[in-house]
Amino acid sequence: MIERDRYPDIEPGTKRAKNWVTGLSLYFLGMGIQAGYAIDPVIKQEIDDWPDPFTFLFSVINGPRMAIQKKDGLVRYLGQKAEVRADVEMCIKNPEFAFMLMVGQMSTQDAVAHNRQFVKGDLSQTLAVIRVMSRVQALLFPGFIAKNYINRVPSFSWLILRNRILLYGNCLLGAFQRN
Amino acid sequence: MLPSYYEFYNSVKIASGNKALENIPYELGQLGANRPLILTDQGVAKAGLTKLVIDSFAGSNVTIGAVYDSIPVDSSHLVVNQIAEIYRQKSCDSIIAVGGGSVIDTAKGVNIVVTEGSNDLLEFMGNNRLTKPMKPFIVVPTTGTGSEVTAAAVIMNTEKQTKMQFTSPYMLPKLAILDPRMTETMPPKITAATALDALTHAIEAFMGTQKNPISDAFATAAIVLIRDNIQNVLKNGKDKDSRLAMANAALLAGIAFSNSMVGCVHALAHALGGVCHVPHGIGNGIMLPHGMEYNLDAVPEHIAGLLLPLVGEERYVEIPPANRALEAIAAVRALSSMLEQATGIPLRLKDAGVPEDKLESIAKVAINDGAIAFNPKAMDFDDALRMLRAAY
């Protein structure tokens, strides 16, 4: 018989703070896509090419998630608790990778190159969603920050600045309404 | 410099050389199987290659459960589902693919369906969705796509008219057989296109965002084998050593790109195939120098690193470091021109039968191709169109 006390089970730790940051970032990303569709012509043009209906789920194993749905020509952020049957799911393999992705320690391109994620569904459709997420990040952040998130930062224009203000306004208003 | 993180995986046993086919019965036994389903296509069957494989079982205790020899060029999920039913009805316990990319990818699809106990391949579209080891699977390549060592398959969805991608390490075959008899009847044009395809696999793996020291070693070894054997194999197709070297080059390039992935050249070649039915190797060959030029400002040191395997030591040392990237692109162009003169393969999209008014459609398809995610530079619609026009 082994001494059970000498070899105790070790329960996994938690990443509450990092998951909270990831959840907050996913809110801005999700609301950004919803608002961006109404505000930004680049996002609108991309999403118009998505199938209708179409549901995209961004998830993290043992971490937060968020869903976006296009239905009847409308784009809606479904929040982080919606139970959906996604057409395409992009799943991050560990909460640590999701945190790095959300705070700009790892770009989307690196997340793909380093196999930090996997996709359930049509890979080509995933690329179309990634382009929209990249555009939202380009609107959310000024160029010197956005370059940590995305591979190709659009050059500054007054349109981007205007859309950035509108996007933040919509995200904050959305948070207020949800609460 | 090492990448900040990388992954590399290849579990395929490789049997290469004289009478390699005759190892199949023993290897099947090692895998616990004795009733394989053989998958192939009409071209391979008519060339007598399927018979060579069947004959290799003589004297063994293996019963071939069935031979399906009608896999089309652009195989679909319906073909996969149909073959899976044959596998079940004939109580097969393993799969042997004899053929090129379409046959091998179809076999991978069949293996997914029969392993997962499903009736429909569509349930498994995406990457890393498979969760259990698959049925014993052996590949005997007859062209040189490198698919015998890749963990991916591209299969047509005929209902949506799109190409579906499946990737998972579980899809890797257990064994790849390289036997020179399987490629010695390949005509010069296809030999040239296959060489350009393998060269593109190696070069894009060496330039891509997933490149790593191990994939680099496989990629450069593939380029050296192509450089040293392509002329001889075109002059004398029956030369077994050169044929085997080219088959090994395709396999090495396959291992490289299965772990480092391909990029913009493949995205454009896939789109050229989808929209205008340009053969994959030809599309790759036409777009390769343009893809290298496109990536030049993003990864000049990687492109310069290709010069040594492309031209060899003597020529390499004569070229100043600042010129090596451009010289590498020039070396690829020179090789392509040599293949054009020797076999008549097209080097411009116009000559490959691509209508100019289709270029925009091709660019639109290319930017949604999975390969583009691994290109060192983000290619947008305008970039894709510019490259296509340059290649026209």
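These values consider heavy atoms only, across backbone and side chains, with no hydrogens, waters or symmetry-generated copies. Residue numbering restarts at 1 for every chain, and letters A, B, ... go by the order of the sequence lines. It should be emphasised that the depicted structure is a prediction, and the values quoted were computed from it without experimental measurement.
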Practice task
Take B:F218 and B:F257 through the ring pair (Phe, Tyr, Trp, His ring centres under 6.0 Å) test and state the conclusion after the steps.
Solution key: CA-CA 9 Å; B:F218 282 94; B:F257 93 83; over 10 Å; no
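- B:T106 and B:S75 are linked by a side-chain donor-acceptor pair at a separation below 3.5 angstrom, with hydrogens and angles left out of the test.
- Scanning residues 42-50 of chain A against chain B with a 4.5 Å heavy-atom cutoff picks out A:D49, ordered by number.
- In this structure, the separation between CD on B:E148 and CD1 on B:I104 is 5.5 Å, given to the nearest 0.5 Å.
- Aromatic ring orientation, B:H302 versus B:F206: perpendicular (interplanar angle above 60°, classes split at 30° and 60°).
- Side chain to side chain, A:S124 and A:D122 meet the donor-acceptor criterion of an N or O pair below 3.5 Å.
- One finds the CD atom of A:E96 at 10.0 Å from the CG atom of A:N19 (value rounded to the nearest 0.5 Å).
- Here the side chains of B:M287 and B:L388 are in contact, with some heavy-atom distance below 4.5 Å.
- Between the CD1 atom of A:I92 and the CZ atom of A:F97 there is a distance of 9.5 Å, given to the nearest 0.5 Å.
- How far CD1 of B:I155 is from CE of B:M164: 6.0 Å, rounded to the nearest 0.5 Å.
- For the 3.5 Å distance criterion, the side chains of B:N119 and B:N81 fail to qualify, holding no donor opposite an acceptor.
- Inspection of non-hydrogen atoms places A:N151, A:R152 of residues 141-163 of chain A under 4.5 Å from chain B.
- Between B:D120 and B:V113 there is no side-chain heavy-atom pair separated by less than 4.5 Å.
- A donor-acceptor contact under 3.5 angstrom links the side chains of B:H201 and B:D197, judged on distance only.
- In this structure, the portion of B:F374 lying under 4.5 Å from any heavy atom of chain A is its side chain and not its backbone.
- Both the backbone and the side chain of B:D380 come within less than 4.5 Å of a heavy atom in chain A.
- Using a 4.5 Å cut-off between heavy atoms, B:K211 makes no contact with chain A at all.
- Heavy-atom minimum distance, B:A378 versus B:Y294: O-OH, 3.1 Å.
- For B:N375, the part sitting under 4.5 Å from any heavy atom of chain A is the backbone (N, CA, C, O) and nothing else.
- With rounding to the nearest 0.5 Å, the separation of NE2 in B:H290 from CZ in B:R386 is 14.0 Å.
- Near-neighbour residues of residues 358-371 of chain B relative to chain A, defined by a heavy atom under 4.5 Å from a heavy atom of that chain, comprise B:K364, B:I367, B:N368, B:D369, B:G370.
- Under the 3.5 Å distance criterion, the side-chain polar atoms of B:R129 are left unmatched by any main-chain donor or acceptor of B:S168.
- Using a 4.5 Å heavy-atom cutoff, the side chains of A:P95 and A:K18 are not in contact.
- The closest side-chain heavy-atom distance from B:I372 to A:L127 is below 4.5 Å.
- Within residues 51-72 of chain A, no residue has any heavy atom less than 4.5 Å from a heavy atom of chain B.
- Here CZ of B:F124 is found 8.5 Å from OG1 of B:T131. Values are rounded to the nearest 0.5 Å.
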